[in-house]
Amino acid sequence: MKNLFEFTEAFFQPISIDEKLALTHQAWHTHISGGLSFTSDRPVLPIDRVTFPARPELLAPRQMPRRKLTTTAGVAAFFHAIAHVEFVAIYLAWDILYRFRGMPDQFYQDWLRVADEEAQHFELIRMHLRAIEIEYGDLPAHSGLWDHAKDTADDLLGRLAMVPRCMEARGLDVTPALIEKFRILGDDASVAILTRILTDEVRHVERGSYWFKFVCQQRGFEAEAKYCELIDQYYIGGKPKGPFNRELRKIAGFSDAEIDWLES
Ligand SMILES: [Fe+2]
Ligand SMILES: [Fe+2]
């Protein structure tokens, strides 16, 4: 029997990107075949023990070059940025299941599946980048994504509000328009990849909503009010800017009241 949390600690070690991907798929397949234990008897390592590859170089968002999808360099920079989002998303899925113990087994299974899907997303984008002779790490990337994990390392509700129900939910808002842009450009490969990712991401956000409401109920909080309070607390600059995709967000477990509050 292999242990989920031992897999996580191995993932967080300074191993290669390919080893991280292989470990993630291996953990999911071990679970599928019934060989994974969720027993937690070891202490949780602090979040500053999590290591990232030496490349890409990480820059503050305002230092990132602007990109236009009408040029080859712009498309390359765009997909490199998406590769980075997916790469950090693998870490975020591993980290939420690692750091917050004492939840039902389903919680760990849900986020392990998310980790496996994020690894697939990363591989799809990396293949796409390789077709235009770019490797993940060749360009700089955005340093901000992991900050949300560090900010909420001790706060499960804060993590659920900020990661699946804020960052990943932004993907639901912006991806349909991006797919449309690539469709107009006649770039069918990009349309196919982004469509596949969007389908999975609706489910990731939905799992975030489900567990957010579950923990709120457990702790006696009113979920909608708690959501607004946590975004106020953790989101730098107030709250995310729209437009918001109400239809997809509702499928992903947002209430109209939450979306109204975001829009207000
Ligand atoms: Fe993803
Ligand atoms: Fe995701």
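Every number for a ligand or one of its atoms is a count from 1 in the order of the listing. Remember, it's a predicted structure, so these values are computed and weren't measured experimentally.
Asp110 and Tyr210 share no side-chain donor-acceptor pair at under 3.5 Å. Looking at Glu9 and Tyr98, their side chains do bring a donor and an acceptor atom within 3.5 Å of each other. In this structure, a donor-acceptor pair under 3.5 Å is present between the side chains of Asn3 and Ser37.
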Residues Phe5, Tyr108; criterion ring pair (Phe, Tyr, Trp, His ring centres under 6.0 Å); working and verdict | CA-CA 10 Å; Phe5 305 109; Tyr108 302 97; 5.7 Å; yes

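The nearest N, O or S atom of Asp200 is not closer to the Fe ion (ligand 2) than 2.8 Å. At a cut-off of 2.8 Å, Glu117 is not counted among the residues with an N, O or S atom near the Fe ion (ligand 1). Among the atoms of His204, an N, O or S atom is found under 2.8 Å from the Fe ion (ligand 2). Residue Glu86 does not count as close to the Fe ion (ligand 2), with no N, O or S atom under 2.8 Å. Residue Glu168 does not count as close to the Fe ion (ligand 1), with no N, O or S atom under 2.8 Å.
Of all N, O or S atoms in Glu118, the one lying closest to the Fe ion (ligand 2) is OE2. Residue-level check: among N/O/S atoms of Glu201, OE1 sits closest to the Fe ion (ligand 2). Among the heteroatoms counted here (N, O or S) of His121, ND1 is the one nearest to the Fe ion (ligand 1).
With salt bridges taken as basic N to acidic carboxylate O contacts below 4.0 Å, one links Asp260 and Arg246.
Judged by distance alone, the side chain of Lys20 and the main-chain N or O of Gln13 form a donor-acceptor pair under 3.5 Å.
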